[in-house]
Amino acid sequence: VTPAGVVVCGALGRMGRRILALCHADPELRLAGATVRPGSPQAGSQVHGVTLREDLPAAATGADVIIDFTTPVHAIGAARLAADAGVALVVGTTGLGADAHAALEAAAQRVPVVWAPNMSVGVNLLAALVDRASRALGAGWDAEIVELHHRHKRDAPSGTALALAEAAARARGLDPHAARRSVRDGDVGARPDGEIGVMALRGGDVVGEHTVFFLGGGERLELTHRATDRDVFARGALRAARWAVGRPPGLYGMREVLGLE
Ligand SMILES: NC(=O)c1ccc[n+]([C@@H]2O[C@H](COP(=O)([O-])OP(=O)(O)OC[C@H]3O[C@@H](n4cnc5c(N)ncnc54)[C@H](OP(=O)(O)O)[C@@H]3O)[C@@H](O)[C@H]2O)c1
C-alpha cells in the first residue's frame with residue numbers, strides 16, 4: 001500500500017509540530033508538505049525533509065490529505081482548496097463561526113472532511129458517556145461543565161466543552177444554543193431549569209481538562225477527562241487522516257473515525 005501523502009498546515013504551532021513529528025515516524029503516511037503563516041521567518045526552511053511553505057496550494061500538490069490545526073480564517077481557505085484539489089481534509093481548529101462551518105459543509109459535498117474539536121479517544125468516549133448519563137438522569141439533574149486550558153488558548157469556552165454541552169442538551173431534548181450559559185456575574189437570579197453552564201478557566205501549560213457535572217438532590221456525578229500530552233490529539237488527527245483518504249465525500253466526526261457506537 002502506498003503511504004498517503006499528508007500536508008500539515010501551521011506546522012510550527014503547538015499541534016502542528018507534534019503532527020509533523022508523528023507523521024514523519026508513521027510508516028502508513030508520507031509527509032508531503034507543510035505550511036507556515038505567510039511572512040514567517042521560518043518559511044523556506046526544512047523540517048523532517050519537507051520545505052515549510054507560505055502557500056497552501058503549492059504545499060498540497062500531489063497530496064492525499066490536508067491536516068489543519070490553525071485558525072478559523074485559515075480553516076476556511078483550507079476547506080476551499082481541499083474541495084478544489086480533490087484532497088481529503090482533517091480539521092482540528094476550534095472557535096469556528098457559522099462561516100467556517102458552512103465552508104466545511106460545502107467542501108464535504110466534494111471530498112471527505114473530518115472535523116472534531118477534540119481528537120482524543122478519551123474525550124470522544126466521554127461525549128458518549130455524557131449523552132447516556134444526561135438521558136438517564138433527565139431534567140431533575142442540572143448539567144454544568146468546567147474546562148481548563150493553557151494561557152495561550154484563544155477561544156473560550158473550548159470547542160470540546162461546547163460539544164459536551166451539546167451532547168448533554170440534545171440528550172434531554174434541549175436546544176444547545178438556548179441552553180448554554182457561559183457568563184454568570186452579578187444578580188443573575190436562581191438557576192433556571194434547562195440551563196447548561198459552560199465555564200472556562202485559563203492558565204499555565206494545562207493541555208486540556210473537562211469536567212461534566214450532573215447535580216441532583218443529595219448526590220452528584222462528575223465525569224472528568226484530563227489530557228496531559230498533546231500527542232493524544234496529534235495521534236487522533238493522523239488516525240483521522242488515514243481513515244479519511246479514499247472515503248466518499250461527507251462531513252465526519254471522530255465517532256465515525258474511532259468506530260464508537
Ligand atoms: N481538535 C483537537 O483535538 C485540538 C487539540 C488541540 C488544539 N486544537 C485547536 O487547534 C488550533 C491550533 O492550536 P495550537 O495550540 O496548535 O495553536 P498555535 O500554537 O497558535 O498554532 C497555530 C499555528 O497556525 C499558524 N497559522 C496561522 N495562520 C496561518 C496561515 N494562514 N498559514 C499557515 N499557518 C498559519 C500559526 O502561525 P503563527 O504563530 O506564526 O501565527 C501557528 O503556528 C486551535 O484552534 C486549537 O483550539 C484542537
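Atoms within each ligand, like the ligands themselves, are counted from 1 in listed order. Scope of the values below: all heavy atoms of this structure, side chains included, with no hydrogens, waters or symmetry mates.
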Practice item. Examine ligand 1 and decide if any of its atoms is less than 4.0 Å from a heavy atom belonging to Gly95. Key: no

Check your understanding: Are any of the side-chain heavy atoms of Leu52 and Ser40 separated by less than 4.5 Å?
Key -> no

Review point. What residue and atom, counting heavy atoms only, is the protein's closest point to atom 31 (N) of ligand 1, and at what distance?
Key: His74 CD2, 3.2 Å

**Study point:** Proximal ligand 1 atoms for Pro117, defined as those under 4.0 Å from one of its heavy atoms
**Key:** 1 (N), 2 (C), 3 (O), 4 (C)

Revision key, fill the gap. In this structure, atom 19 (O) of ligand 1 is nearest to the protein heavy atom Arg14 N, 2.8 Å

Review point. Is ligand 1 under 4.0 Å from a heavy atom in the side chain of Leu56, in the backbone, in both, or in neither?
Key: neither

Practice item. May I ask you to test the Leu96-Leu104 pair for a side-chain heavy-atom distance under 4.5 Å? Key: yes

Exercise for review: Answer yes or no: does atom CG of Asp193 have more than 12 heavy-atom neighbours from other residues, nucleotides or ligands under 6.0 Å?
Suggested key: no

Review point. Where the side chain of Thr35 meets the backbone of Glu54, is there a donor-acceptor pair that is under 3.5 Å apart?
Key: no

Exercise for review: For His152 and ligand 1, answer yes if some heavy atom of the residue is under 4.0 Å from a ligand atom, otherwise no.
Suggested key: no

Check your understanding: Considering only heavy atoms of Thr94, which atoms of ligand 1 have at least one such atom less than 4.0 Å away?
Key -> 45 (O), 46 (C), 47 (O)

Point to revise | Test item: Ser120 and Arg235 side chains (from C-beta on) under 4.5 Å apart, heavy atoms | key: no

Practice item. Report the member of Ala237, Gly92, Pro38, Gly10 with the shortest heavy-atom distance to atom 8 (N) of ligand 1. Key: Gly92

Practice item. Would you mind telling me if ligand 1 is within reach of the side chain of Met15, the backbone, both or neither, using heavy atoms under 4.0 Å? Key: both

Study note, to complete from the structure: Ranked by distance from atom 27 (C) of ligand 1, the top protein heavy atom is Thr71 CG2, 4.0 Å

Practice item. State the atoms of ligand 1, each with its element, that fall below the 4.0 Å cut-off from a heavy-atom position in Thr35. Key: 33 (C)

**Study point:** Closest protein heavy atom to atom 3 (O) of ligand 1, given as residue, atom name and distance to 0.1 Å
**Key:** Met119 N, 2.8 Å

Practice item. Please state whether Ala116 comes within less than 4.0 angstrom of ligand 1, counting heavy atoms only. Key: yes

Point to revise | Arg80 side chain to Ala82 backbone, donor-acceptor under 3.5 Å | key: no

**Study point:** Min N/O separation Lys153 to ligand 1 under 3.5 Å
**Key:** yes

**Study point:** Heavy-atom proximity to atom 43 (O) of ligand 1, best of Gly13, Ala234, Ala11, Ala240
**Key:** Gly13

Check your understanding: What is the ring orientation for His24 with His48, classed by angle as parallel under 30°, tilted 30 to 60°, or perpendicular over 60°?
Key -> parallel

Exercise for review: Indicate yes or no: does an N/O atom of Cys9 lie under 3.5 Å from an N/O atom of ligand 1?
Suggested key: no

Review point. Can you check whether Phe214 reaches Arg220 side chain to side chain, under 4.5 Å on heavy atoms?
Key: no

Check your understanding: Has ligand 1 got any nitrogen or oxygen that is less than 3.5 angstrom from a nitrogen or oxygen of His150?
Key -> no

Check your understanding: What protein heavy atom is closest to atom 22 (C) of ligand 1, reported as residue, atom name and distance in Å?
Key -> Phe69 O, 3.7 Å

**Study point:** Side-chain hydrophobic cluster, 4.5 Å single linkage: members besides Phe213
**Key:** Val146, Leu148, Leu201, Val206, Leu215

Revision key, fill the gap. shortest atom 11 (C) of ligand 1-to-protein heavy-atom contact is with Thr70 O, 3.5 Å

Review point. Checking Arg202 side chain against His150 main chain: does a donor-acceptor pair fall under 3.5 Å?
Key: no

Check your understanding: Can you tell me if Ser182 uses its side chain to pair, donor with acceptor, with the backbone of Met199 under 3.5 Å?
Key -> no

**Study point:** Sidechain-backbone polar pair: Arg247 side chain, Trp243 backbone, donor-acceptor under 3.5 Å
**Key:** yes

Check your understanding: Backbone or side chain, does any N or O of Arg37 fall under 3.5 Å from an N or O of ligand 1?
Key -> yes

**Study point:** Sub-4.5 Å side-chain heavy-atom contact between Trp115 and Glu105
**Key:** no

Revision key, fill the gap. Per-atom filter on ligand 1: closer than 4.0 angstrom to a heavy atom of Leu12 are 43 (O)

